[in-house]
Structure formats: structure tokens, C-alpha cells
Amino acid sequence: MDIFEKDNRFIAHTYGRAPIAILRGAGSLVYDESDKPYIDLGSGIAVNIFGVGDEVWKEAVRRQMDCVQHASNLYYTAPQAELAELLAQKTGMRKVFFANSGAEANECMIKAARKYSYDKYGEGRHVIVTLKNSFHGRTITTLSASGQDSLHTHFMPFTPGFAYVQANDIQELEALLQNGDVCAVMLELIQGEGGVIPLDKAYVKQVEALAKERDILLLIDEVQTGNGRTGHFYAYMQYGIAPDIVSTAKGLGGGLPIGACMFFEKTQDVLSPGMHGSTFGGNPLAAAGAVSIVKRIDETLLAEVREKSAYIFRELSGAKGVKNVTGMGLMIGILAHRDAKEVLQACRERGVIVLTAHERVRLLPALNIPMGQLKQAIAVLKEVLSQ
Ligand SMILES: *Cc1c(COP(=O)(O)O)cnc(C)c1O
């Protein structure tokens with residue numbers, strides 16, 4: 001049996017996979033089973049932020065592999081400590097919990113928000129408000145947190161204690177807060193899976209003000225937007241807000257699974273010994289790789305991200321077949337006249353990998369994609385969109 005037959009026979013059918021196998025790569029080029037090359041504008045869904053096989057990352061992981069690959073969280077390990085210090089220096093966060101994925105980072109954020117409120121106000125003030133069309137993960141609780149009806153089927157009962165409001169409608173949120181049972185508001189600043197839709201800056205500032213006034217925590221899900229993706233280290237920085245907890249994952253590990261739940265001043269001591277944990281969380285290989293990634297997300301790289309972003313917006317805004325372009329940095333959504341899935345397939349046939357999010361074509365290239373490859377890929381995309 002070949003890869004495709006084995007996969008179809010033995011792997012649960014939870015994914016609608018493209019009919020190619022990615023077997024190797026170098027930077028923003030990946031190769032399939034017949035050695036056909038593709039320029040990758042997806043980076044494994046915003047994960048390989050320095051592309052495939054990045055030498056600095058490989059060396060950091062290799063060095064750690066020669067020391068110890070796993071020790072459990074019963075002991076101290078060097079890469080976790082180093083990564084935590086680095087994140088603290090770059091964000092001002094006070095404490096971090098390391099998990100293995102975005103959903104897990106969000107689970108930790110949700111637990112901590114409820115515990116903060118329980119400690120101060122007792123039972124009954126546990127509701128977390130999220131936005132309609134949001135996406136926060138695939139566990140029962142993070143599905144519950146996700147404000148999409150299509151995700152609230154099949155697996156009932158879902159975790160109670162979430163309420164959903166329309167993005168950019170401050171009145172609706174204000175009315176909901178009158179109930180007095182809300183402990184936190186949880187937001188993606190750019191709805192990623194929901195279609196690459198940035199929130200209005202004024203709205204986010206109003207949410208922050210309402211939350212601060214009532215000691216309601218502001219939780220920011222930066223699983224996709226974080227780690228340089230939007231042209232800033234974290235997207236909350238460009239919104240000019242001070243969150244109470246920030247979750248991240250995807251790009252943080254540069255390809256190995258790691259998630260982080262970062263606590264700021266108010267929430268730093270909410271979780272105490274025994275309240276949360278993970279066997280693999282902050283695994284030394286993943287954390288060592290993450291250190292090598294986070295160190296390089298500096299002003300020079302971020303300026304490059306913003307430049308490449310401006311180039312993509314310039315090329316695609318108003319181009320033939322394009323209705324509009326949304327997003328920030330290298331997180332871009334394109335509403336096209338053609339069906340997004342059709343565009344994805346046509347691009348793949350021409351050697352360019354793109355993603356979709358709802359009805360939009362979505363681009364999440366490596367942050368260091370060479371300009372030449374980006375130009376080549378955008379030319380292909382423009383041609384496909386114009387047909
Ligand atoms: C991808 C994503 C998640 C889920 O992350 P996993 O690593 O797949 O669990 C959660 N929130 C947002 C905003 C995401 O983009």
C-alpha cells in the first residue's frame with residue numbers, strides 16, 4: 001500500500017486532505033511525493049514561521065536532543081526557563097504556563113479566568129464572553145468557547161458558561177455585562193479560522209475599558225496572530241491594549257508542538273501547585289526550538305513582515321477577480337469572485353500552496369519567505385483569481 005492507501009484505510013477521516021503528500025522542503029519550498037515543488041504560502045497553518053528545515057532552529061533542537069529530550073514537569077529544565085524569561089522580556093508578562101497546542105493554551109486561560117473570579121467573588125461569576133464567528137480550539141470546552149453554531153453540534157453537552165456577542169457591537173456587550181455573572185471577555189484580534197477578519201481598534205479599546213471598570217479579565221487568543229505574524233511581536237501590541245492573559249501556540253515552536261498561556265500582573269498568581277499541569281507541556285525539544293525562534297522575531301524581521309504585507313495588499317487590492325483583501329502582516333484573507341476552494345486547487349496545480357478560511361482564500365506564509373518566491377507565488381495567485 002502507498003501513503004494514500006494506508007492513510008485512507010487506517011487514519012480517522014477527520015480531515016479533508018489535499019491529494020498530495022509533503023515529503024520534504026527547504027525554506028518556503030516544499031516537495032510532494034513526485035518531487036513536484038510548491039511555493040508554500042501556508043507554512044503548515046502559520047507554524048513554520050522560518051520555513052521548513054530552518055538551520056538555526058534545527059541546530060537548537062539538535063543541541064537539546066543531545067542533552068535530554070524529555071524530563072517531565074516534575075523537574076526543572078533549561079529551555080523552558082530560558083523561553084519564559086525571553087517571553088517576559090519581550091511582552092512584560094509575569095508568568096507563563098506551557099502547553100502543547102492552541103486549544104490547551106486556551107483551556108489554561110479559561111481555567112485561570114474562572115479561578116481569578118472565584119477567588120475574589122465566589123461562585124456564579126463564571127461566564128466568559130466570546131465573539132460570534134470566533135475559533136478557539138477543538139476540545140469540548142474550546143469548541144464551547146468558539147462562537148460558531150456549526151461547531152456546537154454532535155458532541156452535546158458542551159461546557160456551559162459561555163456567551164457570544166457580535167464583533168464590533170459594544171452595546172451588545174455592555175448589555176450582557178449587566179447580568180453580573182461575567183468573569184472574562186475572550187477575543188481573537190483577527191478572527192483567523194473565521195475568515196481573517198480584524199476587529200476594529202476602537203471597539204477593542206472600548207472592550208478593554210468596560211472590562212477594566214468591572215474587574216472583568218481581558219483574554220486574548222493569539223494562537224494564530226502571535227509571534228510576529230501580524231508584523232508586531234503580538235497583535236495586542238498594535239491594538240495598544242494591556243491584556244490580563246494571552247494564549248499562543250502555532251508559530252511559537254517553529255514546527256514542534258508548544259503552546260503558552262501568559263499571565264500578566266493581575267493573574268500571575270491565580271494558578272497554584274496542583275491546579276493545572278501537562279505531561280508534555282514545554283517539552284525541552286519544543287522549548288529549545290521556540291527559544292531560537294522567539295530570539296529572531298526582532299524589529300528587522302517585523303519590518304520585513306510589514307513590507308511584504310504591503311506588497312501583497314498592493315498587488316491584490318483591486319486586482320481582477322478580487323472583491324477585497326483583509327488582514328494584517330502576513331495573515332491575509334482574500335474574498336474572490338471565484339470559489340475559494342477552486343482557487344486553492346488551481347494554485348496547487350500551478351505549484352503554489354494557499355489556505356482557505358470560510359469563503360476566503362487565506363495566506364499565512366513563512367515570515368522570512370524570500371521576496372522572489374513571494375512575488376512568483378502572488379503572480380500565480382493573481383492569474384488564478386483573474387480567471
Ligand atoms: C489554531 C487555533 C486554535 C487551536 O490551536 P490548536 O493548536 O489546533 O489546538 C485556537 N485559537 C486560534 C485563534 C487558532 O487559530
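Keep in mind that the numbers below use all heavy atoms, side chains included, and drop hydrogens, waters and symmetry copies. This structure is a prediction, so every number in the text was calculated from the model and none was measured.
- Around the CZ atom of Phe264, the shell of radius 6.0 Å holds more than 12 heavy atoms that belong to other residues, nucleotides or ligands.
- With hydrogens and angles disregarded, a donor-acceptor distance shorter than 3.5 Å links the side chain of Arg114 to the backbone of His126.
- Each of Val294 and Val47 belongs to its own hydrophobic cluster when Ile, Leu, Val, Met, Phe, Trp and Tyr are linked at side-chain heavy-atom distances under 4.5 angstrom.
- Every salt bridge (Lys or Arg N to Asp or Glu O under 4.0 Å) that Lys266 has, sequence neighbours left out, goes to Asp215.
- Looking at heavy atoms from C-beta onward, His136 lies out of side-chain contact with Met109 at the 4.5 angstrom threshold.
- For residues 23-60, the set of pairs meeting the ring-ring contact (aromatic ring centres under 6.0 Å, His included) definition, not counting sequence neighbours, is empty.
- Phe280 and Leu83 are members of different hydrophobic clusters when ILVMFWY side chains are connected at heavy-atom separations under 4.5 Å.
- A donor-acceptor pair is defined here as one N or O able to donate and one able to accept, closer than 3.5 Å; no such pair exists between the side chain of Asn73 and the backbone of Gly277.
- Between Cys183 and Ile128 there is a side-chain heavy-atom pair separated by less than 4.5 Å.
- Note: Phe162 and His152 fail the aromatic proximity criterion, with ring centroids not under 6.0 Å apart.
- To the nearest 0.5 angstrom, Ile369 atom CD1 is 8.5 Å from Leu29 atom CG.
- In this structure the side chain of Met93 never reaches within 4.5 angstrom of the side chain of Tyr234, judged on heavy atoms.
- Checking Asn106 against Asp221 by side-chain atom types alone, a donor-acceptor pair falls below 3.5 Å.
- Salt bridge annotation for Glu359-Lys323: absent, with no cationic side-chain nitrogen under 4.0 angstrom from a carboxylate oxygen.
- Rounding to the nearest 0.5 Å places OG1 of Thr130 at 7.5 Å from CE of Met186.
- With sequence neighbours excluded, no residue satisfies side-chain contact (heavy atoms from CB on, under 4.5 Å) with Thr153.
- Heavy atoms of other residues, nucleotides or ligands lying less than 6.0 angstrom from NZ of Lys36 number more than 12.
- His358 and Gln191 form no side-chain donor-acceptor contact under 3.5 Å, judged by distance and modelled atom types alone.
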Output a table of donor-acceptor pairs, distance under 3.5 Å, between side-chain atoms of residues 195-208 and any protein atom two or more places apart or on a different chain; print 'none' if there are none.
from   : atom 1 : to     : atom 2 : distance (Å)
Lys201 : NZ     : Gln238 : O      : 3.1
Lys205 : NZ     : Gly240 : O      : 2.8
Glu208 : OE2    : Ala242 : N      : 2.8

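- The salt bridge (Lys or Arg N to Asp or Glu O under 4.0 Å) check on Arg360 picks up nothing, with sequence neighbours excluded.
- To the nearest 0.5 angstrom, Ile293 atom CD1 is 8.5 Å from Asn48 atom CG.
- Under the 4.5 Å side-chain criterion, counting only non-hydrogen atoms from C-beta, Ile258 is not in contact with Asn283.
- One finds no salt bridge joining Asp149 and Lys132 here, because no Lys/Arg side-chain nitrogen approaches an Asp/Glu carboxylate oxygen to under 4.0 Å.
- A side-chain donor-acceptor contact under 3.5 Å links Thr225 and Glu222.
- The backbone N or O of Val343 sits nowhere less than 3.5 Å from a side-chain atom of Arg338 that would complete a donor-acceptor pair.
- A heavy-atom distance below 4.5 Å is not found between the side chains of Leu187 and Ser134.
- For the atom pair CZ of Arg125 and OH of Tyr116, the computed distance is 7.5 Å after rounding to the nearest 0.5 Å.
- Asp244 and Thr267 share no donor-acceptor pair across their side chains, judged by distance under 3.5 Å alone.
- Remark: Glu265 CD is loosely packed, at most 12 non-hydrogen atoms of other residues, nucleotides or ligands lying under 6.0 Å away.
- Annotation: cation-pi pair Arg306/Phe313 absent, no NZ/CZ under 6.0 Å from the ring centroid and within 45° of its normal.
- Gln148 is listed as a side-chain neighbour of Asn133, based on a closest heavy-atom distance under 4.5 Å.
- Qualifying side-chain contact (heavy atoms from CB on, under 4.5 Å) partners for Leu177, counting only residues two or more places apart in sequence or in other chains: Leu173, Val182, Leu210, Arg214, Ile216.
- Interatomic distance, CD1 of Ile20 versus CD1 of Ile3, reported as 11.0 Å (0.5 Å rounding).
- Side-chain atoms of Tyr239 come within 3.5 Å of backbone atoms of Leu189 as a donor-acceptor pair (strictly under, hydrogens ignored).
- Atom CZ of Arg138 has 12 or fewer heavy atoms from other residues, nucleotides or ligands within 6.0 Å.
- With hydrogens and angles ignored, the 3.5 Å screen pairs no side-chain donor or acceptor of Gln64 with any backbone N or O of Pro284.
- Under the 4.5 angstrom side-chain criterion for Ile, Leu, Val, Met, Phe, Trp and Tyr, the cluster partners of Leu143 are Phe135, Ile140, Leu151, Phe155, Met156, Phe158.
- At least one side-chain heavy atom of Arg229 sits less than 4.5 Å from a side-chain heavy atom of Ser43.
- Atom OG in Ser28 sits 9.5 Å away from atom CG in Leu367 (nearest 0.5 Å).
- Just one residue in the list Val352, Ile39, Ile312 forms a side-chain contact (heavy atoms from CB on, under 4.5 Å) with Ile378, and that residue is Ile312.
- Residues that satisfy the side-chain contact (heavy atoms from CB on, under 4.5 Å) test with Lys115, not counting sequence neighbours, are Asp119, Val270, Met275.
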Trace of the side chain to side chain contact (heavy atoms under 4.5 Å, CB included) decision for Thr139 with Glu107: CA-CA 8 Å; Thr139 63; Glu107 287 270 348; 2.6 Å; yes
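- Every residue two or more places apart in sequence or in another chain that forms a salt bridge (Lys or Arg N to Asp or Glu O under 4.0 Å) with Arg296 is listed here: Asp54.
- Side-chain atoms of Glu5 come within 3.5 Å of backbone N or O of Asp2 as a donor-acceptor pair.
- Counting only heavy atoms from C-beta outward, the side chains of Glu383 and Gln387 approach each other to under 4.5 Å.
- A donor-acceptor pair under 3.5 Å is absent between the side-chain atoms of Ser309 and the main chain of Val305, judged by distance alone.
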Step-by-step side chain to side chain contact (heavy atoms under 4.5 Å, CB included) determination, Phe97 to Ser278: CA-CA 9 Å; Phe97 177 86; Ser278 164; 4.2 Å; yes
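- Remark: side-chain polar atoms of Glu104 are not paired, donor with acceptor, to backbone N or O of Ala99 under 3.5 angstrom.
- With sequence neighbours excluded, the residues that form a salt bridge (Lys or Arg N to Asp or Glu O under 4.0 Å) with Lys295 are Glu82.
- A 6.0 Å sphere centred on CD of Glu123 holds no more than 12 heavy atoms belonging to other residues, nucleotides or ligands.
- Applying the side-chain hydrogen bond (donor to acceptor under 3.5 Å, both in side chains) definition to pairs two or more places apart or across chains, none involves residues 87-99.
- Not a single donor-acceptor pair under 3.5 Å links the side chain of Lys250 to the backbone N or O of Gly102.
- No donor-acceptor distance shorter than 3.5 angstrom exists from the side chain of His232 to the backbone of Leu302, with no hydrogens or angles considered.
- By the neighbour-count criterion of 12 heavy atoms within 6.0 Å, atom CD1 of Ile45 is sparsely surrounded, having that number or fewer from other residues, nucleotides or ligands.
- Contacts of Thr279 classified as side-chain contact (heavy atoms from CB on, under 4.5 Å), with partners at least two apart in sequence or in another chain: His70.
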